[in-house]
Participant: 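Please read through the structure below; I'll follow up with questions.
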Amino acid sequence: MENLSTLLGKYGDEGDKLLFKILNSGNFLEEIQNSEFKVQSSKLKIQNTEQIESGSAEVIPGCNDRLLDFRAMTPMIAEKGLRYDLTVPFARFVVQRQNELYFPFKRYQIQPVWRADRPQKGRYREFFQCDVDVIGSNSLLNEVELVQIIDEVFTCLGIRVTIHLNNRKILAGIAEAIGLPDKLTDITVAMDKLDKIGLEKVQEELAGRGIGREEIERLTPILTLEGENDEKFGILTNFLSGSETGLKGLEEMRTVLMHLKELGLNNRFNFDTSLARGLSYYTGTIFEVKAVGVTMGSICGGGRYDNLTGIFGLPGMSGVGISFGADRIYDIMNELNLFPETLKAATRVLFINFGNEEEKYCLKVLTVIRKAGIPAELYPDPVKIKKQMEYANRKNIPFVVLIGNDEMKSGLLTLKDMHSGEQEKLTLGEIIRKIDN
RNA sequence: GUGGAUGUAGCUCAGCAGGUUAGAGCGUCAGAUUGUGGAUCUGAAGGCCGUGGGUUCGAGCCCCAUCUUCCACCCCA
């Protein structure tokens, strides 16, 4: 949980709307009852109508001449909110602990975050993010390292991905180049949809967002930019020649790509000028990772933020970070059947429970076998053997040991291989050796 | 925030223009086999048909409200 003042204004207007606000504890409504938020309509008649229409105020039922102004009321009843991501709280943390940390400071963090959004496929109210950030270094080597992490993580998980890279400075440069620096957000939001809705629809959307026909035409070569990275750089260098910011972004991009090329990554990476990313605090490189062959939004994303700590009073501290969406990754692994079978069978051997005497004997054997590093369990109740065997079968436990009267007397235990169905009498040592393979 | 769906057994779903006692498959439990799993057969348990109201002689089915969950858009992880 964070103070709303920490969270508000960091994620854009849409993000502010999606913050989960937490009601204050205590009898806050009483305060509202006597407060100035109930106002006479005679004073505010015009504003009232507007506010009611815009949804920011509502007439109190049975009190025709009074209304509540929600916008003014919210800070009074909700001072805190659930964290929207891990990056902004991290920036707050860094500022508060600035004297205890050595920089560049690196950290990872895995925690739930919340969005007050309508849930749907791949989109949850609460979900886990896994963040990796480096703060206090401008070096582009950090960007390179993060991409290596992405590559390694998804290689380990067995998910094939494409890593999309872009730079906010390039986007700013593009907006500048067509003479509409103020329309940066509108342009990028529209451009971001390119692979989803196609060129024509993007052009329509741009027009709908108040971009003139001439500007859209100038933008089109950038929208349709394809081919090898070198070609893209050529065209963009030309296009951005008037924008210092844009050229700087290009240079950064070129450096990052140059390093990545030499690393021999397992997954593909791609300079993607249509990549925008919504979070408003990014200022340099931006990343987004998509799984190949599944319909799912991005499963990892991030970027560089130059001034996130500045908002909390520590300027000049640049950071770069990424965040894995654990829930989406889980969904994909389920869909692609990537969870290994061995996960389903934690136990290697089950001891059948025959009753009191046998239990005691089994517990001792169990201790020995566990000390040998073999995950084992004793069925907790002396129920029918059939039931216990069924349990082993259903849980994919590969071995079962039966210890009854005969076995206790002879010291030779019955081991059953659930796969082949064969069973034999062996000493404990032999059993351990057999199961351990 | 906008639009569209959904809710019946533990799970997946049927359900006739409104018509007696609401069904199936899977699962669970018991038995055929009292120290042996996967197969088969036999039997059983399990339901305020999301909730509240209404229409009707009669509502799982029609109407209204409400809640849940899902999907698309917006936006985004």
Side-chain angles (χ1 to χ4, degrees), chain A residues 11-19 54-56 83-87 110-131 150 161 164 185-186 188-190 192-193 196-197 201 205 208-209 275-280 282 286-291 294-303 321-332 350-355 357-358 362 379 382-408 413-425:
Chain A
Y11 310 104
D13 289 346
E14 190 72 21
D16 284 355
K17 279 185 214 155
L18 296 180
L19 283 172
S54 73
S56 74
R83 72 181 89 86
Y84 188 88
D85 68 6
L86 303 178
T87 308
I110 300 173
Q111 274 184 311
V113 300
W114 292 267
R115 306 280 158 89
D117 204 358
R118 263 196 212 170
Q120 55 180 278
K121 198 181 177 186
R123 232 176 115 152
Y124 307 104
R125 286 220 175 96
E126 177 183 1
F127 56 98
F128 273 78
Q129 285 193 337
C130 316
D131 263 41
I150 292 171
V161 298
H164 300 269
T185 309
D186 288 304
T188 51
V189 166
D192 200 40
K193 296 179 186 167
K196 216 175 183 181
I197 60 176
K201 297 259 178 184
E205 172 140 2
R209 287 173 180 268
L275 170 62
R277 297 199 54 78
L279 297 183
S280 55
Y282 292 128
I286 44 184
F287 313 96
E288 191 160 288
V289 182
K290 283 185 175 169
V294 285
T295 49
M296 175 69 80
S298 71
I299 51 177
C300 176
I322 51 169
S323 183
F324 296 86
D327 304 73
R328 283 186 176 183
I329 292 172
Y330 173 86
D331 288 343
I332 287 174
L350 175 76
F351 285 76
I352 300 294
N353 189 329
F354 281 95
E357 284 307 307
E358 293 87 343
C362 280
Y379 198 90
V383 296
K384 283 187 172 179
I385 312 307
K386 178 186 167 80
K387 178 132 180 123
Q388 302 189 41
M389 297 298 276
E390 232 168 60
Y391 172 81
N393 191 48
R394 289 289 291 268
K395 303 252 296 188
N396 275 320
I397 299 173
F399 294 100
V400 167
V401 170
L402 297 96
I403 305 176
N405 250 324
D406 295 352
E407 286 87 351
M408 286 199 295
L413 315 180
T414 302
L415 176 73
K416 174 159 185 160
D417 180 330
M418 291 298 278
H419 216 72
S420 64
E422 286 165 14
Q423 57 187 63
E424 51 190 330
K425 297 222 167 183

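All values below come from the heavy atoms of this structure, side chains included, with hydrogens, waters and symmetry mates left out. Each chain gets a letter, A, B and so on, in the order the sequences are listed, and its residues count up from 1.
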Participant: For the side chain of A:Met418, counting heavy atoms from C-beta on, which of B:G37, B:C71, B:U36 is nearest?
Facilitator: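 Among B:G37, B:C71, B:U36, the one nearest the side chain of A:Met418 is B:G37.
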Participant: Measure the distance from NZ on A:Lys384 to P on B:U28 and round it to the nearest whole Å.
Facilitator: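 The distance from NZ of A:Lys384 to P of B:U28 comes to 15 Å, rounded to the nearest Å.
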Participant: Would you kindly check whether a donor in the side chain of A:Gln388 faces an acceptor in the base of B:U36, or vice versa, at under 3.5 angstrom?
Facilitator: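 Between B:U36 and A:Gln388, which were checked side chain against base, a qualifying N/O pair under 3.5 Å is absent.
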Participant: It should be established whether A:Lys395 places a side-chain nitrogen or oxygen under 4.0 Å from OP1 or OP2 of nucleotide B:G37.
Facilitator: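 No, no such contact exists.
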Participant: In whole Å, what separates the P atom of B:U66 from that of B:G58?
Facilitator: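 Here B:U66 and B:G58 have their P atoms 26 Å from each other.
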Participant: Consider the side chain of A:Lys416, meaning its heavy atoms from C-beta on, and name the nucleotide among B:C75, B:U36, B:C73 that approaches it most closely.
Facilitator: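 Looking only at heavy atoms from C-beta outward on A:Lys416, the closest nucleotide is B:U36.
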Participant: Using the side-chain heavy atoms of A:Arg209, tell me which of these nucleotides is nearest: B:C75, B:G37, B:C70.
Facilitator: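 The answer is B:C75, which lies nearest to the side chain.
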Participant: By the definition side-chain contact (heavy atoms from CB on, under 4.5 Å), identify the one residue from A:Val113, A:Ile110, A:Leu86, A:Ile322 that meets it with A:Asp131.
Facilitator: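 Checked A:Val113, A:Ile110, A:Leu86, A:Ile322 against A:Asp131; only one passes side-chain contact (heavy atoms from CB on, under 4.5 Å): A:Leu86.
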Participant: When you get a sec, tell me which of B:G35, B:C75, B:G37 is the closest nucleotide to the side chain of A:Thr414?
Facilitator: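 Nearest to the side-chain atoms of A:Thr414, counting from C-beta on, is B:G35.
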Participant: Could you identify the nucleotide paired to B:A22, looking across every strand shown and requiring Watson-Crick or G-U wobble geometry with both distances under 3.5 Å?
Facilitator: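 Result: none.
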Participant: Would you mind reading off the distance between A:Tyr391 atom OH and B:G27 atom P, rounded to a whole angstrom?
Facilitator: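 A:Tyr391 atom OH is separated from B:G27 atom P by 19 Å.
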Participant: In whole Å, what separates the C1' atom of B:G31 from that of B:A14?
Facilitator: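 The answer is 30 Å between these two C1' atoms.
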Participant: Base, sugar-phosphate, or nothing: which does A:Gly404 touch, judged by heavy atoms less than 4.0 Å apart?
Facilitator: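 Since a base atom lies under 4.0 Å of A:Gly404, the category is base.
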Participant: For B:A30, which nucleotide is its Watson-Crick or G-U wobble mate, given both distances must be under 3.5 Å?
Facilitator: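 B:U42 is the nucleotide pairing with B:A30.
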Participant: Send over the distance from A:Ile403 CD1 to B:U36 P, rounded to a whole Å.
Facilitator: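 A:Ile403 atom CD1 is separated from B:U36 atom P by 17 Å.
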Participant: B:G27 P sits how many Å from A:Asn393 CG, rounded?
Facilitator: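 The answer, rounded to whole Å, is 13 Å.
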Participant: A:Arg394 near the nucleic acid: base, sugar-phosphate alone, or nothing, with a heavy-atom cut-off under 4.0 Å?
Facilitator: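 Sugar-phosphate: the residue A:Arg394, judged by heavy atoms under 4.0 Å, touches backbone atoms but no base.
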Participant: With heavy atoms under 4.0 Å as the rule, sort A:Phe354 into base, sugar-phosphate or nothing.
Facilitator: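 Base, at least one base atom sits under 4.0 Å.
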Participant: Taking all non-hydrogen atoms of both residues into account, name the closest pair between A:Gly12 and A:Ser280 and its distance.
Facilitator: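 The pair with the smallest heavy-atom distance is N-OG, 3.5 Å.
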Participant: Taking any heavy-atom pair under 4.0 Å as a contact, classify A:Glu407: base, sugar-phosphate, or nothing.
Facilitator: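 Base contact.
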Participant: Taking the side chain as C-beta and beyond, is there a heavy-atom pair between A:Glu424 and A:Thr414 under 4.5 Å?
Facilitator: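 When only atoms from C-beta onward are counted, A:Thr414 and A:Glu424 do not touch, as no gap falls below 4.5 Å.
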Participant: Is NZ or CZ of A:Arg277 both nearer than 6.0 Å to the six-membered ring centre of A:Tyr282 and within 45° of the ring axis?
Facilitator: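 No.
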Participant: Give the rounded distance in Å between these two atoms: CD of A:Glu422 and P of B:U36.
Facilitator: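 About 18 Å, once rounded to whole Å.
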Participant: Without decimals, in angstroms, what is the distance between A:Arg118 CZ and B:A5 C1'?
Facilitator: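 Answer to the nearest Å: 12 Å.
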Participant: Could you give the CG-to-P distance, from A:Asp417 to B:G37, as a whole number of Å?
Facilitator: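 Atom-to-atom, A:Asp417 to B:G37, this comes out as 15 Å.
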Participant: Heavy atoms only, 4.0 Å cut-off, all strands: where does A:Tyr124 land among base, sugar-phosphate and nothing?
Facilitator: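 A:Tyr124: base contact, heavy atoms under 4.0 Å.
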Participant: Decide if the gap between the ring center of A:Tyr379 and the ring center of A:Tyr391 is smaller than 6.0 angstrom.
Facilitator: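 Judged by ring-centre distance (under 6.0 Å), A:Tyr379 and A:Tyr391 do meet the cut-off.
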Participant: What is the distance from atom NE2 of A:His164 to atom SG of A:Cys300, rounded to the nearest 0.5 Å?
Facilitator: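 Result: 11.5 Å between the selected atoms.
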Participant: Going by purine N1 to pyrimidine N3 plus the second Watson-Crick contact, or the G-U wobble pair, all under 3.5 Å, which nucleotide sits opposite B:A5?
Facilitator: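 Its partner is B:U69.
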Participant: Out of curiosity, A:Leu415 CG to A:Glu407 CD, how far, rounded to the nearest 0.5 Å?
Facilitator: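 Reported to 0.5 Å precision, the distance equals 11.0 Å.
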Participant: For B:G52, what is the paired nucleotide under Watson-Crick or G-U wobble rules, both distances under 3.5 Å?
Facilitator: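 B:C64 is the nucleotide pairing with B:G52.
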Participant: Would you indicate, yes or no, if B:C29 has its OP1 or OP2 atom less than 4.0 angstrom from a side-chain nitrogen or oxygen of A:Lys387?
Facilitator: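 Affirmative; the distance criterion is met.
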Participant: What integer number of Å spans the C1' atoms of B:U68 and B:G7?
Facilitator: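 Pairwise C1' distance, B:U68 against B:G7, rounds to 8 Å.
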Participant: Tell me what A:Glu390 touches on the nucleic acid: a base, only sugar-phosphate, or nothing, going by heavy atoms under 4.0 Å.
Facilitator: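 The residue A:Glu390 makes sugar-phosphate contact but no base contact.
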Participant: So which atom in A:Ile197 and which in A:Lys201 form the shortest heavy-atom distance, rounded to 0.1 Å?
Facilitator: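 The answer is O-CG, 3.4 Å.
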Participant: Looking across every strand, which nucleic acid part, if any, lies under 4.0 Å from A:Asn405 by heavy atom: base, sugar-phosphate, or nothing?
Facilitator: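 The answer is base, as A:Asn405 lies within the cut-off (heavy atoms under 4.0 Å) of a base atom.
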Participant: For A:Arg277, which contact category applies under a 4.0 Å heavy-atom criterion: base, sugar-phosphate, or nothing?
Facilitator: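 Sugar-phosphate, backbone atoms only, no base.
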Participant: Looking for any heavy atom pair under 4.0 Å, which part of the strands does A:Val400 touch: base, sugar-phosphate only, or nothing?
Facilitator: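 It contacts nothing in the nucleic acid.
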Participant: Quick one: label A:Gly421 by what it contacts on the DNA or RNA (base, sugar-phosphate, nothing), any heavy atom closer than 4.0 Å.
Facilitator: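 The residue A:Gly421 makes base contact.
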Participant: Over all strands shown, is A:Gly12 touching base, sugar-phosphate only, or nothing at heavy-atom distances under 4.0 angstrom?
Facilitator: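 No contact.
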Participant: Looking across every strand, which nucleic acid part, if any, lies under 4.0 Å from A:Lys196 by heavy atom: base, sugar-phosphate, or nothing?
Facilitator: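 Base, at least one base atom sits under 4.0 Å.
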Participant: Taking B:G23 as the reference, what is the distance to B:C64 when you measure between their C1' atoms (whole Å, please)?
Facilitator: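 So the two C1' atoms sit 30 Å from each other.
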Participant: B:C62 and B:A39: how far apart are their C1' atoms, nearest whole angstrom?
Facilitator: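 Going atom to atom, C1' in each nucleotide, I get 48 Å.
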Participant: Please state the P separation for the pair B:U21 and B:G25 - nearest whole angstrom.
Facilitator: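 To the nearest whole Å, 23 Å.
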Participant: How long is the gap from CE on A:Met408 to CD on A:Glu357, to the nearest 0.5 Å?
Facilitator: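 It is 6.0 Å, given to the nearest 0.5 Å.
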Participant: Work out how far the P atom of B:U6 is from that of B:A45, and round it to whole angstrom.
Facilitator: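 Comparing P positions in B:U6 and B:A45 gives a spacing of 33 Å.
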Participant: Start at the 5' end of RNA chain B and walk down; is the nucleotide closest to A:Asp192 or to A:Met389 reached first?
Facilitator: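 That would be A:Met389.
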Participant: Could you check whether the side chain of A:Lys386 and the base of B:G35 have a donor-acceptor pair of N or O atoms closer than 3.5 Å, going by distance alone?
Facilitator: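 Such a pair does not exist between side chain and base.
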Participant: Return whichever of A:Gly122 or A:Pro119 has its heavy-atom-nearest nucleotide of RNA chain B closer to the 5' end.
Facilitator: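 It is A:Pro119 whose nearest nucleotide is closer to the 5' end.
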Participant: With respect to the phosphate group of B:C71, does any side-chain polar atom (N or O) of A:Gln120 fall under 4.0 Å of OP1 or OP2?
Facilitator: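 Answer no for this pair, as no side-chain N or O of A:Gln120 is under 4.0 Å from OP1 or OP2.
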Participant: When you compare B:C75 with B:C70, how far apart are their P atoms, in angstrom units rounded to a whole number?
Facilitator: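 Going atom to atom, P in each nucleotide, I get 22 Å.
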Participant: Starting at CD1 of A:Ile385 and ending at C1' of B:U36, how long is that distance when rounded to a whole Å?
Facilitator: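 It works out to 7 Å between those atoms.
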